[in-house]
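Step one of this worksheet: look at the structure below.
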Amino acid sequence: MTELQLKELLADMSLGEKIEQLIQFHGGFYGDVKLITGPGHDYTIKPDQQWRIGTVLGEAGYEHLKNLQDGFMEKQPHHIPTIFMSDVIHGYKTIFPVPLGQGAGFDPELTRELAEATAKEASAAGLHVTFSPMCDLSRDARWGRCMEGTGEDPWLNARFAEAMVLGYQGDGIEKQGNIAACVKHFAAYGAATAGRDYSGVELCERTLLEDYLPSYEAAVKAGAPLVMSAFNTINRIPCSTNKWLLRKILREQMGFDGVVISDYGAVQETVVHTSSCDKADAAAKALKAGVDIDMMSDCYLSYLEEQAEANEELCRLIDESCLRVLELKNKLGLFEHPIRGSKELEDKYFYCEEHKELSVRAARESATLLKNDGLLPLSKNSKIVVAGKLATSTNIVGSWAIFAEADKTVTFADAVKRRYPEADVEVYPCDEADEALLAACKTCDAVILCIGEEDDKTGESKSISDVSLCKAHQTLFDAVYGVNKNTLSLIYAGRPLAIPMLAEKSKAILDAWYPGTFGNIGIWELLFGDANPCGRVPMSFPYTTGQLPMSYSAFITGRPIGEWKGFVPFASNYMDVPNTALYPFGWGLSYSEFAYSPVSLSSDTLTADGKITASVTVANKGSVDGKEPVQLYIRDVKGSVIRPCRELKGLRKPMIRAGESVTVSFEITADMLRFYNEDMEFVAEPGEFQVWIGGSSLTENGAAFRLV
Ligand code: BGC
């Protein structure tokens, strides 16, 4: 349709009809409920309205959606199709590593491929929009949803966010095989106070703008046509009624002209937050703030029409929002092709060979080798004991795998039978060490302990106050370690756990995150040396929960301690643990050994509109090929406001053959050095800068330049 036709359609619609376009209800009204989050609400949706609302949440499957769409087209007075939206976060049927695991992959290009595959499956099943990417930066492992994000770093999160959008949307959201991305949760939901889900966010404006917003902005700039407003407050105002956030920052400053949808029931929750008097007030506030679609509350549906009849501003805003929704439907091609997918496409893509291989590869790339005292890779002739309930668990795919079938998930124990049927592996799927297990451990070459947390322990509303490895797994480790020192800790988790004891005693630690449907096959390939680990820590591992929130890019205080050699009185440190992470951002081992040349700069002076190149040569000194995430960090030595001790500004992940070397170069421009100065201007300040290039945020391989 042309813009003119859309406007004519709008002009022909009644006020009630327009408001109905601004509503999203879940599919529970139409079929099986897949997942309902949030408190139950007493909606007042009338049976005929059910078939006229603009968008539907959480339903999928070609046949089912086709039937629903036929109903909408028939019953909506102007035959306007609905949009089917759902949470397809890291796979639809074939589940890939959780976003935090993808973050550990340190490879946004791979994530783009995963999003592409996800879109093929989801659109085969009739979906139009996914509620992804979740761009919420998180530095607090207590927060259950840190698993749904790609980690603690603003620059890297932004790369992942745009990669997901590009992958989902491919060559156009109107085309079969692609789906539209909805960027969420705007904004800073991952900074929930004390890591408790839904709690308020208290951030200074600079931190919000510089650290938390870049990933949403990158996703918007990559072309996402929807943004979801978050549950939390910013500046003590709930995001879904926060005019400054949605109109000034999102629309004006970021230039977003698409549709804003509230999170689930978030408009109504502003009444509970106490900043809206009642549902009518909440509806008016949210609409004025810039929320176009009210997801899962009846604030708009039941409380806008009467208010708007006597209020020109509300009428104008309803028109604007409705037009945006119609424009989105038009961009999705719904007026020409209201139904997406087919039975044939579902059969072709669900769990297909190509996606299976991608799932295995992605798991291999994201698993992070935290420690290896020579135990890995294991010899294929060794006698191995596997212990722990997680070895036979299918709860290793992460939350939001709502459309996947659990019985398709390959457990760790199954994976070895499939991939290495000859291997001498005995499995004891118990979290308590009994005599049989200990006897087996005594006589084997290596013990693999599957520990961590099942995936129902993380996700939305699954925050915890203590991120240590659970007691049962500590006890299991101790018992097994007591009889066999060749103990490998294989961790499944949706967050960086506090594991100082494992770090000290385990012979090796591999963090598999949640590897997805077929990912365990890739984990075995790593363990047996048919693949080489190349994952990196996306979110710092603390020694203890008390250090949270934490980030490698923290600020230097007025009383720094330098390298920790024990407690320093009256300095900025703890009495019991270092300030730094147990395993910091960017950290990870390989079976190869990579040697970096010193950083070479094309010039030691950078001009405001010029560029310099920073290069290193990385040599693989090991005997196996391997990928190395080469990381560029920069520090602004002095600023008009305090500056982070270093920030990631560039990344490459080359494959380097054994015995060979590659040269990696990064361009540095003044644009990359900008921040909000004393007067809140976004500028780069002349002066000295340090630059490092290395294999983790700890690298000291540095050089310096001046910005003039
Ligand atoms: C979550 C969102 C999700 C929405 C719809 C909410 O509870 O916070 O991330 O997209 O439900 O399922």
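If you read the sequence from its start, that first residue is 1, and numbering goes on from there. First listed ligand is number 1; within each ligand, the first listed atom is number 1. Atoms considered below: every heavy atom in the structure, side chains included; atoms not considered: hydrogens, waters and symmetry mates.
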Quiz item: Do D171 and N178 have side-chain N/O donor and acceptor atoms under 3.5 Å apart?
Solution: yes

Quiz prompt | Pick from D197, I89, D87: the one approaching atom 3 (C) of ligand 1 most closely through a non-hydrogen atom | solution = D87

Practice problem: Measure the distances from the heavy atoms of E148 to every atom of ligand 1 and state whether one is below 4.0 angstrom. | Solution: no

Exercise. Tell me, please: is M134 in heavy-atom contact with ligand 1, that is, under 4.0 Å?
Key: no

Practice problem: Determine whether the aromatic ring centres of F585 and F106 lie less than 6.0 Å apart. | Solution: yes

Quiz item: Is the H128 to F84 ring centre distance short of 6.0 Å?
Solution: yes

Quiz item: Under 4.0 Å between a Lys/Arg side-chain N and an Asp/Glu carboxylate O for E327 and R324?
Solution: no

Self-check item: side-chain hydrogen bond (donor to acceptor under 3.5 Å, both in side chains) between W155 and S215, intermediate numbers included
Solution: CA-CA 7 Å; W155 183 88; S215 48; over 6 Å; no

Between [X] and ligand 1, find which residue part has any heavy-atom pair under 4.0 Å and reply side chain, backbone, both or neither.
X: E460; answer: side chain
X: M296; answer: neither
X: Y198; answer: neither

Self-check item: Chi angles and distances behind the salt bridge (Lys or Arg N to Asp or Glu O under 4.0 Å) call for D211, R139
Solution: CA-CA 11 Å; D211 295 356; R139 293 169 169 172; 3.2 Å; yes

Practice problem: Give yes or no for whether the N/O distance cutoff of 3.5 Å, strictly under, is met between R145 and ligand 1. | Solution: yes

Practice problem: Flag Y189 as yes when one of its N or O atoms lies below 3.5 Å from any N or O atom of ligand 1, and as no otherwise. | Solution: no

Practice problem: Below 4.0 angstrom from a heavy atom of F131, which ligand 1 atoms are there? Numbered from 1 as shown, please. | Solution: 10 (O)

Quiz item: With respect to Y92, which candidate in Y349, F350, W400 satisfies the ring-ring contact (aromatic ring centres under 6.0 Å, His included) definition?
Solution: F350

